[in-house]
Amino acid sequence: MLERRRLLLMRHGAVEYFAPDGRPYLPTEVPLTERGVEQATAMGAALAAGGVRVDRVITSGLMRTRSTAEHAVAAGKILAPVEHWPDLQEIRGGRLGAIPEAQLREAFIAPFEGPVPLDTRFLGGETVGELLDRVIPALQRLLDRGDWDTVLLVLHGGVNRALLSWLLTGQKLFFGGFEQAPGCLNVVDVGGTTASNIIRMINYSPLDALHTATRLSTMEALLARYQSARERRIAS
């Protein structure tokens, strides 16, 4: 009988991308909000309540994933060491200030709508294809290791979409419609091939299980916040 191992693929908790003066934080310095801490803690508590035993914990190394893992591990009473894999960092954007106002929506939203062409750039930076070329080999390295049964990966919305798309199809595809709420969890049981993988759960959020808080996508909400911050900065 085929024995599968389990990937617990989590997105970092809610963050604040913009400082009080409206300027964006550096990608390495984006902090969790109080809500983000609550989401991370709730996920850890859910894992503990379910009796989940985690053998490895991996983050992208960026502060928001490190902080999320810290709170989830503490609440979940997880004893596994936390590792940081930079290859799994979020898709990298360019300079927001260089994007004309008329092109903002496309720059924010296009990389996360439907099956996305691989040459689509995120905020004038990395392409979706470049993201896939970076994160799929990292996941394959993990799958090639035989020293774990269940691993908790604390990553990012774009990265999670990329990994879910590959785990589902075995192809270099990117399905932008896999919404990833802050602090959410995806559960994937992996076999020896992508054809034997099973997607058990997508976008589970303990504090908003039915997703009643919003009907905006993450990137639509982020675009609205960026435009508001930009207007405040110009007004000041």
Side-chain angles (χ1 to χ4, degrees), residues 8-49 57-76 78 82 84 88-93 96 104 107-109 111-113 122-123 131 152-164 176-187 201-233:
L8 303 174
L9 182 57
M10 185 178 177
R11 186 189 174 208
H12 62 78
V15 296
E16 183 50 71
Y17 288 102
F18 305 103
D21 65 359
R23 298 182 186 279
Y25 285 109
L26 293 174
T28 55
E29 299 175 2
V30 173
L32 289 186
T33 62
E34 289 185 11
R35 180 65 171 175
V37 172
E38 291 173 355
Q39 291 162 339
T41 301
M43 187 61 72
L47 295 175
V57 179
I58 297 172
T59 84
S60 73
L62 293 181
M63 185 167 70
R64 54 196 186 271
T65 62
R66 285 175 176 258
S67 297
T68 299
E70 176 184 338
H71 292 289
V73 163
I78 295 170
V82 180
H84 310 295
L88 295 172
Q89 291 180 5
E90 181 62 294
I91 187 170
R92 294 157 182 158
L96 282 175
L104 275 176
F108 270 82
I109 307 300
F112 298 98
E113 286 189 328
F122 175 63
L123 299 178
L131 171 67
L152 173 63
L153 294 138
V154 184
L155 304 175
H156 305 268
V159 175
N160 288 1
R161 288 174 171 88
L163 297 182
L164 287 168
F178 282 136
E179 178 59 15
Q180 294 289 281
C184 75
L185 184 72
N186 310 278
V187 179
M201 181 166 57
I202 292 179
N203 201 28
Y204 168 63
S205 300
L207 298 183
D208 187 17
L210 297 181
H211 296 284
T212 58
T214 184
R215 295 190 182 183
L216 293 176
S217 72
T218 301
M219 293 309 298
E220 288 168 344
L222 181 58
L223 172 59
R225 286 161 58 193
Y226 173 69
Q227 289 175 321
S228 176
R230 189 176 187 177
E231 289 170 1
R232 290 198 309 272
R233 190 166 66 249

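Computed over heavy atoms, backbone and side chain alike; hydrogens, waters and symmetry mates excluded.
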Glu38 side chain near Thr33 side chain, heavy-atom distance below 4.5 Å
no
How close do Arg225 and Tyr17 get, counting heavy atoms only, and between which atoms?
NH2-N, 3.8 Å
Between Tyr226 and Leu104, is the side chain to side chain contact (heavy atoms under 4.5 Å, CB included) condition met? List the steps.
CA-CA 10 Å; Tyr226 173 69; Leu104 275 176; 3.7 Å; yes
Please report the C-alpha distance between Leu8 and Val187 in whole Å, then the side-chain angles of each, then the deciding distance to 0.1 Å, and finally whether the side chain to side chain contact (heavy atoms under 4.5 Å, CB included) criterion is met.
CA-CA 5 Å; Leu8 303 174; Val187 179; 4.0 Å; yes
Determine yes or no for a side-chain-to-main-chain donor-acceptor pair under 3.5 angstrom, with Asn203 supplying the side chain and Ala181 the backbone.
yes
So do Met43 and Thr68 actually touch side chain to side chain, heavy atoms under 4.5 Å?
no
CG of Asn186 to CG of Leu163: how many Å apart, nearest 0.5 Å?
9.5 Å
Working to the nearest 0.5 angstrom, can you tell me the gap between Ser217 OG and Leu223 CG?
9.0 Å
Taking all atoms of both residues into account, what is the closest heavy-atom pair of Ala75 and Ala48, and its distance?
O-CB, 4.0 Å
Run Phe178 and Asn160 through side chain to side chain contact (heavy atoms under 4.5 Å, CB included) and show every step you take.
CA-CA 9 Å; Phe178 282 136; Asn160 288 1; over 6 Å; no
Check: Ala14 main-chain N/O paired with Gln39 side-chain donor or acceptor under 3.5 Å
yes
Compare all side-chain heavy atoms of Val159 with those of Leu153 and state whether any distance is below 4.5 angstrom.
no
Walk me through whether Glu220 and Thr214 qualify under side chain to side chain contact (heavy atoms under 4.5 Å, CB included).
CA-CA 11 Å; Glu220 288 168 344; Thr214 184; over 6 Å; no
Residue list, side chain to side chain donor-acceptor pair (under 3.5 Å) with Thr65, at least two apart or on another chain:
Ser60
List the atom of Leu62, the atom of His156, and the distance in Å for their closest heavy-atom pair.
CD1-CE1, 3.7 Å
Search all heavy atoms of Tyr204 against all heavy atoms of Ala209 and return the closest pair with its distance.
CE1-CB, 4.4 Å
Taking Leu32's backbone N and O only, do any of them form a donor-acceptor pair with Arg64's side chain (distance below 3.5 Å, no angle check)?
no
I'd like to know if the side chain of Glu90 reaches the main chain of Gly158, judged simply by a donor and an acceptor atom lying under 3.5 Å from each other, with no hydrogens or angles considered.
yes
Is the backbone of Ala224 close enough, under 3.5 Å, to the side chain of Ser228 for a donor and an acceptor to pair up by distance?
no
Taking atom CE of Met219 and atom CZ of Phe122, what is their separation to the nearest 0.5 Å?
4.0 Å
Here the pair of heavy atoms bringing His84 nearest to Thr59 is ND1-OG1, 2.7 Å
Glu29 side chain to Leu26 main-chain N or O, any donor-acceptor pair under 3.5 Å?
no
Measuring from Leu207:CG to Thr41:OG1, what's the distance to the nearest 0.5 Å?
9.0 Å
Is the backbone N or O of Gly157 less than 3.5 Å from a side-chain atom of Arg161, with the two atoms forming a donor-acceptor pair by type?
yes
Contacts of Thr218 meeting side chain to side chain donor-acceptor pair (under 3.5 Å) (sequence neighbours excluded), chain-then-number -> Glu179
Interatomic distance, CG@Leu185 vs CZ@Arg11, rounded to 0.5 Å, equals 13.5 Å
Looking only at heavy atoms, the pair that brings Ala69 and Val82 closest together is CB-CG1, 4.5 Å
